[in-house]
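Worksheet for the structure shown next.
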Number of protein chains: 2
Amino acid sequence: MRRDSRLSGVLHILLHMAQQPGPFTSETLAKAMDTNPVVIRRIMAGLRELGYVRSEKGHGGGWTLACDLSKVTLRDVYTALGSPALLAMGNRTKAPGCLVEQAVNAALDQAFGEAEALLLSRLGKVTLAMLAEEFRKRLGSRKHQGLRAHGA
Amino acid sequence: MRRDSRLSGVLHILLHMAQQPGPFTSETLAKAMDTNPVVIRRIMAGLRELGYVRSEKGHGGGWTLACDLSKVTLRDVYTALGSPALLAMGNRTKAPGCLVEQAVNAALDQAFGEAEALLLSRLGKVTLAMLAEEFRKRLGSRKHQGLRAHGA
DNA sequence: TCTCATGCAACTTTATATGTGACATAACTC
DNA sequence: GAGTTATGTCACATATAAAGTTGCATGAGA
């Protein structure tokens, strides 16, 4: 199954933005992510609606962080993306007349539900500020390199 | 994201097989699942390799249960399917040089890993026998109908 | 007015689960 | 042995969704 990497991608963007103030164009961000500017705009749209970022047109425009990083959790970001499916597996049918299928669905739903709940709970406990801090720690332990976040 | 329903499907098949002894042809099972015989053979192949079911060709052939239902867990069945991805989301890149990405991946992997572990653990605690029992309970509480598993 | 940037819609590409057809093989019946 | 019935398997078609791409409208600043 192909895996959705939008959450991973948007977090990457946000953390990069947290490293320096200025507005970032979609093209700049796209290059850092090795993707297309339109893809950036797409995954940022949800964040803008929830007020986590702002976007401005024209000269000197681009994307700007507009939230307190310590108040936004990974779960918030996930929600901003439209709460896409978390699990790669699901039931064959939703409301089957078949009793066997009902029994199977009930068992799977139980397990699936618990896993989803745990995942959301974990995502809800990690803030963007914590991720930024984690990044700085990693940066500190890399003596041999400058301030560039990218590259070997 | 399209959701993988093979686990749901194969469990459905196994429970149906548990209701009566005889060998079942792929075509019979396919009709109960509203799908194609080849699909049945495909998802049953892994189970056969692990010895959970047997298949025989020719007259009177078909699929037969070959395991103790109380000894096979949903996790075993999942493994027999080839352990497909559990989560719909994943990291953008595996071993990034970018430190930001590393920090993001570490945080997500932590949350994803815990959710996967919980899910596998839950699946490992449910046996096919438990599902069959659950089915019988549901059947019992449906006074108005005969022994047919399917239908309203 | 020109340039730069986002906003957005439509299309292409890609990956994967699923569905289908064709044919070889094996086992049973006659 | 011939015919029938089943699986085994390959190859290809279809459906869906993420991801990438193109084009153009819109708005902001120089």
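First the proteins, then the strands, lettered A, B, ... as listed; each starts at 1.
- Side-chain contact annotation: B:Thr28 with B:Thr25, donor-acceptor N/O pair under 3.5 Å present.
- The distance from atom CG of B:Leu86 to atom P of C:dA17 is 13 Å, rounded to the nearest whole Å.
- Taking 4.5 Å as the limit, every side-chain heavy atom of A:Phe24 sits out of range of all side-chain heavy atoms of A:His16.
- Look at CD1 on A:Ile40: it is 11 Å from P on D:dA19, rounded to the nearest Å.
- Heavy-atom contacts from other residues, nucleotides or ligands closer than 6.0 Å to CD of B:Glu133 number more than 12.
- Taking atom CZ of B:Arg54 as the reference point, atom C1' of C:dA26 lies 16 Å away to the nearest angstrom.
- Distance CZ (B:Arg3) to P (C:dT18): 12 Å, rounded to an integer number of Å.
- Rounded to a whole Å, the CZ atom of B:Arg92 is 10 Å from the P atom of D:dA19.
- With contacts defined as side-chain heavy-atom distances shorter than 4.5 Å, the pair A:Leu11/B:Val100 does not qualify.
- Counting to the nearest Å, the P atom of D:dG20 and the CZ atom of A:Arg6 are 12 Å from each other.
- Residues B:Asp76 and B:Thr79 bring no donor and acceptor atom of their side chains to less than 3.5 Å of each other.
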> When you check every protein heavy atom under 4.0 Å of nucleotides 22-30 of chain D, what one-letter string (B, S, -) results, 5' to 3'?
Replying inline: B---BBBB-
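- Each of B:Leu131, B:Leu74, B:Val77 was checked for a side chain to side chain contact (heavy atoms under 4.5 Å, CB included) with B:Leu14, and the lone residue meeting it is B:Val77.
- Contact annotation: B:Arg48 reaches the phosphate of D:dG8 (side-chain N/O to OP1 or OP2, under 4.0 Å).
- Rounding to whole angstrom units, NZ of residue A:Lys31 and P of C:dA5 are separated by 10 Å.
- Phosphate contact (OP1/OP2 of C:dT18, side-chain N/O of B:Ser5, threshold under 4.0 Å): present.
- From one end of the helix from C:dT1-D:dA30 to C:dC30-D:dG1 to the other, with five pairs defining each end axis, the axis direction shifts by 10° (rounded to 10°).
- As rounded to whole Å, 9 Å separates atom C1' of D:dA17 from atom CG of A:Asp4.
- The nucleotide whose nearest atom lies closest to any side-chain atom of A:Thr35 is, among C:dG7, C:dT20, D:dG20, D:dG20.
- Between the side chain of B:Arg42 and the base of D:dG8, no donor-acceptor pair under 3.5 Å is found.
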> Between B:Ile13 and B:Ile43, does a side chain to side chain contact (heavy atoms under 4.5 Å, CB included) hold up when you go through it step by step?
Replying inline: CA-CA 10 Å; B:Ile13 292 174; B:Ile43 60 184; 3.9 Å; yes
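- Looking at B:Arg92, its side chain does come within 3.5 Å of a backbone N or O of A:Met33 through a donor-acceptor pair.
- Looking at which nucleotide of DNA chain D each of A:Pro84 and B:Ser55 is closest to, the 5′-most match is held by B:Ser55.
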> So B:Leu87 and A:Leu87, side chain to side chain contact (heavy atoms under 4.5 Å, CB included) or not? Walk me through it.
Replying inline: CA-CA 4 Å; B:Leu87 298 181; A:Leu87 298 181; 3.5 Å; yes
